[in-house]
Every structure is written in C-alpha cells, then in structure tokens.
Asks: 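Got a structure for you, written out below as structure tokens; questions coming shortly.
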Amino acid sequence: MSDFIIYNTLSRKKEVFVPINPGHVGMYVCGPTVYGEAHLGHSRPAITFDLLFRYLKHIGYKVRYVRNITDVGHLVNDADEGEDKIARKAKVEELEPMEIVQMYTNSYRRNMLQLNILPPSIEPTASGHIIEQIAAVEQMIASGFAYEVNGSVYFDVEKYASVHSYGKLSGRKIEDLYTNTRDLDTQSEKKSSLDFAVWKKAAPEHIMRWPSPWGEGFPGWHTECTAMSTKYLGEPFDIHGGGLDLMFPHHEAEIAQGVACFGHEPVHYWMHNNLITINGQKMGKSLGNFITLDELFFGSHAMLEKAYLPMCIRFFMLQAHYRSPLDFSNEALQAAEKGLERLFKAVSLLEGLKPGEQSSIDVPGLREKCYAAMNDDMNSPILIAHLFDGVKMINSVNDGKATVNSADLELLKKLYQDFVFDILGLKSESEAGGSESQEVLGNVVDLLLNLRIEAKKNKDWVLSDKIRNSLTELGFEIKDTKEGFEWELKK
RNA sequence: GGUCGGUUGGCCGAGUGGCUAGGCAACGGUCUGCAAAACCGUCUACGGCGGUUCGAAUCCGCCAUCGACCUCCA
C-alpha cells in the first residue's frame, strides 16, 4: 500500500506521514470552548479529525487522540479587566460557571455522539490542568521568554522573534504584525503590543481564579494547549489539528511556547480544516445565520427548510475535502441526503448478492483506488466518488448485468464495511430497532400488498393502483419485483 | 492597509499541463399492465484578458470578484 500523505501547514506541502514512534501516533486537536451550544462550525474539525483518527487506526496505528475542553474561558481582550467569557455568561444566566461548563460539555458530547464521532482517548479540561499550566509558565520564565508584571505573565514575542521565527505557521512577518496591531493599549503593562498573556491576574470580580506564584489568576488562552498536549503526548508529538481560524495567533503562540518550554518545536505535523459558510456568507451570530447542531437536527431554524439527520450532515461534510471551504445550503444538504440514501441502499443490497463463477467487475482495483484516495491527504470526496462507482457495480450485479465471484464478493463486502462504516464513520439510522407497533404496521402493509398481488393476478388495475397509491400517499414507497414486492417507509 | 486562499457545468463539489471525477436535478431509452427502483445514454464546465507550450481549466502576468486571518471564534 502507498504511503499515507498529509498536508502540513507548517511546510505548506503534502508530506509522507512518519510517526515519531513506529506504530504509534499522538494527535491533539483544539476542542470547544464550552460557553454555548455546539454549532455547525464545531462539527467540521470534529468530523475531519474523527476521519483521521479512524483512518490511522484502520491502517494499523495505535493512536492516542487528545481533544481538550476549554472551560476556563479566554480573555475577552487585553484591556478587559479580566472577566472571561464563561464568567460573563454565568452572570447573565445566574449560574455557577462550572454549571455552565457542565451543561454545554454535556450537550457537546451528545451532539458529537449523534454525528457518530468517536470519543477521543483523552478529553482533558483546562480547569483540571492549572498546575501543569503554571509549570509551563514557570518554564517560559526560566528560559527567559516570559516576564511577570503586576501579577500577570506575558510572553516576550520580540525577544522570541530575535532568536526564533515567530509567524512561520501562519506566514506572518513580525514587521507586518507591528504595523497591523491595533493600539489602544498604550498604557498596557506589556513590553510590546505583540506580547500575549500566558497567565493573567484575576480582578476582584473575576470568579474563576486559582492561586499561583504570581498571585490569584487564571491561565492565558494559549497556555492550556501547550500544557495538556505535551503532558499526554510528550514533546514533540506527531499531529496537531484545529480550525484554520486558530492558526493565528493560537497555534503560532503554541509553537513559541513550546520552543520556550522545551527548546524545540512541539509538533511535527500541523493540520487545519477549512471553515463553513452559509449561503456564501460567513457564519456568525451577528449575521443571524448561526445554526446550532440541535437546530439542524430538529429543523428549528428559520433558514432550514427541514430537519437533517446527523448522518446527512456528516456525509455532506465528507463530500468536500477538509481543506476546502464548504458552503452550506438547503439544496446542497438535500442532495447529500439523497446520495447517502442511494449509497446505503446499495450497501444493503450487497448482503443479498449471489456470487457467480467469474467477476466482470474489478473489485481489487476499486479497493486500491479507495486507499489511494484516503492516502492522498484524506481525500474523502474522491473516496466517495469511488464508492459510488462501486454502487453501480453492486446494482449491475443485482440486476444480473454483471457478475462477481465469491472471493470478490467477500472483498466487496469488506470494502464497504471498512470504508463506509469504519472509516467514513457513517451509519444507517433507519435500523433503530422495530418496536412492536412498527412490527404490526409492517404486517398490515404486507397484508395490503399481498391483496394487491391478488388484484394484479386478476388484472384489476383499479384496485391494484388504489392500494399502491394510497400507501404512497401515506408515505410508503412501493416497488414491484419479480418475486412480489418491496416497500419502505419514507419519512 | 498587510498576509493568505478561492472563483469549475442548473446546484453541490473533486481534479490540476493532453486521458469520463462523483453526487443531486433535468431529459431520452430499457424494464414494467402503468409506475417506482435499478440500469443505459444525454447535458461535457473550468471568472476576464494576455503570455509560455505541440497542447492550459491546470504554469506565468495583469485585471475583476468573493472570502478568511490580522480581535474571541471551529
């Protein structure tokens, strides 16, 4: 099999993936800040890196996947007196901050489960790693790249940039950063406007606070990822993922902090997923096109024509490459929905396929192409295109227009099991166990359709059509086959 | 303003020097009592203008346009 190639943002090139420890992979992905419902935007990195997690495991790696939960809140801005997002929300809703955190963590996990996203190996919280973060800040001070002022600790970007390259990941030049930095913090205690807080002194009204060598405070917003990723994955580790929007300054800061703490870069491969637009527009609360995952699943948003099943969302995203922007619309979603249906129909057909003497279709070749697609920087849209080629094969065999021998049939079944279910992480949602009433309903439908066969035998087309049309109106899809009939309930 | 990335057929979305991406929709055909499903076929596009090349949607230049980041954001 060919090498697994991934695009490394650091080099802006596709590179062969070579793990630090043969057979093992450590990956870290920036998770959510739990101060609100999970929205459409959260699902893209979750699905992208779930695909990576699944594929790495599939090709035989033992993977430790760490995805953090940010629950101490980020600074609103440097001028802010220290109130963080979570504390602000807590005041609004008159809840304890950790209650907010718990509530939204729960709903995030539920949404992820609905999207069939595998739980990471470790899901550390920032609040649970204050000690590690303080230790990281101490290391930064010790190496001379951070300084304390009045209870806060800042990263000395200027000093760092004089020795190392600051901005290499996002392609920024330090001079440009100077000219473009917004001022207004002239009275700031920072040495330079580029410096960022790694530990922030807590104002009296600030609720979330912890003791530290510099007084009561809370960690800066880049500190947690440095502390938690290296705690569980060592340094350097293999893969760090996240959304494109986190590249600067968050990931840039992580690199600088890592170098300051350990003397070398913390990550080998940086991977970034692209963002989602809605009808060509950026998604944002101010634009009113901000859709939460629950709204999507229930269809309860003004922009949605209907509810979309989690698997439809997942499939829709996988039909685009993770590094491409993806535009979200009702039309596109409904197209994805139909395509997914067609794929699953073929998969279920596969079970009943009868092997022949010879194969007129090239199953090993198809398998080869599927792996090639995934190995090329996880090209899921190409993979899906190949799977649809396979759908044509399956349908042809089913129609007796093509043949497949038993070895190839087994290979084909394995192929769809591997790629559709294990790697793409799709699942059929209709097979939710038949309740008793559904079973009875099914029997009634069978009874009606058997009556219709009688009618057809008697060439009583009026009665025959009446039965079929009435069932169709009720939402059933009726198909006549040589053996009799098939039906399914459309929602 | 700076940096980066897009602009592909009715819609979504791959590809990236010559060879059908795929899905959805539409149309025609096969099958069927008629349908549905399935199958076969059709629709064959790459923002504009120049340049390089035997050959460019793909490389280069200019222009237009959209967006992201530069501030919390997946």
Side-chain angles (χ1 to χ4, degrees), chain A residues 12 29-33 35-36 38-49 73-80 84-85 167 170-173 175-182 184 221 241-250 272-277 280-285 290 315-316 319-321 323-343 345-346 349 373 376 379-389 391-392 394-396 398-402 456 459-461 464-465 468-469 472 476-482 485-488:
Chain A
R12 313 244 160 197
V29 174
C30 292
T33 301
Y35 64 82
H39 55 77
L40 194 50
H42 289 110
S43 62
R44 189 114 197 240
I47 289 171
T48 297
F49 295 105
H74 291 158
L75 287 171
V76 173
N77 61 51
D78 282 340
D80 194 281
D84 70 34
K85 280 190 168 177
S170 54
R172 280 174 169 75
K173 296 189 186 76
E175 312 87 68
D176 296 335
L177 289 171
Y178 274 119
T179 49
N180 293 310
T181 300
R182 299 186 182 182
L184 287 176
W221 57 285
L244 207 60
D245 50 345
L246 293 177
M247 209 154 79
F248 188 90
H250 185 56
H272 292 96
N273 61 274
N274 215 313
L275 309 183
I276 290 169
T277 55
Q281 268 193 314
K282 183 194 176 174
M283 197 175 81
K285 278 182 174 151
F290 192 88
F315 184 67
F316 170 70
Q319 272 191 305
H321 186 87
R323 282 192 288 117
S324 298
L326 178 59
D327 191 54
F328 195 85
S329 65
N330 281 288
E331 204 179 0
L333 268 178
Q334 281 162 33
E337 195 171 49
K338 295 225 170 107
L340 182 61
E341 234 169 73
R342 185 158 163 243
L343 180 63
K345 219 169 268 180
L349 222 47
D376 183 16
N379 200 325
S380 54
I382 292 287
L383 168 62
I384 289 169
H386 292 317
L387 291 174
F388 274 111
D389 287 341
V391 166
K392 277 191 182 159
I394 293 166
N395 287 333
S396 300
N398 188 53
D399 282 6
K401 287 175 181 163
K456 281 170 70 178
K459 298 205 187 298
D460 183 352
W461 309 126
S464 157
D465 285 356
R468 185 179 60 195
N469 294 343
T472 304
F476 293 90
E477 185 177 284
I478 312 301
K479 292 173 224 169
D480 289 352
T481 63
K482 286 203 175 70
F485 56 83
E486 280 175 17
W487 64 269
E488 62 182 301

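Below, chain A is the first sequence line, B the second, and so on; all start at residue 1.
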Asks: May I ask you to say what A:Leu333 touches in the nucleic acid, namely base, sugar-phosphate or nothing, with a heavy-atom cut-off under 4.0 Å?
Replies: nothing
Asks: Taking only the side-chain heavy atoms of A:Asp245 (C-beta and beyond), determine which of B:rC24, B:rC34, B:rC73 contains the nearest atom.
Replies: B:rC73
Asks: In plain terms, say whether A:Arg468 and A:Asp465 are close enough for a salt bridge, that is, a side-chain N and a carboxylate O under 4.0 Å apart.
Replies: yes
Asks: Contact class for A:Leu340 vs. all strands (heavy atom < 4.0 Å): base, sugar-phosphate, or nothing?
Replies: nothing
Asks: Just call it for A:His386: base, sugar-phosphate, or nothing, with non-hydrogen atoms closer than 4.0 Å on any strand.
Replies: nothing
Asks: Tell me which nucleotide among B:rG22, B:rA74, B:rA14 gets nearest to the side chain of A:Leu246.
Replies: B:rA74
Asks: What does A:Gly339 touch in the nucleic acid at a heavy-atom separation under 4.0 angstrom: a base, only the sugar-phosphate, or nothing?
Replies: sugar-phosphate
Asks: When the ring planes of A:Phe316 and A:Phe328 are compared, do they come out parallel, tilted or perpendicular, using 30° and 60° as the limits?
Replies: perpendicular
Asks: Tell me whether the side-chain N/O atoms of A:Ser324 come closer than 4.0 Å to OP1 or OP2 in B:rG6.
Replies: no
Asks: In terms of side-chain heavy atoms of A:Pro249, which of B:rG13, B:rG15, B:rC70 is nearest?
Replies: B:rC70
Asks: Expressed as a whole number of Å, how far does the P atom of B:rA57 sit from that of B:rC73?
Replies: 42 Å
Asks: Using atom types as modelled and distance alone, determine if a side-chain donor or acceptor of A:His386 lies under 3.5 Å from a backbone N or O of A:Leu383.
Replies: no
Asks: If the C1' atom of B:rC49 is compared with that of B:rU42, how far apart are they to the nearest Å?
Replies: 33 Å
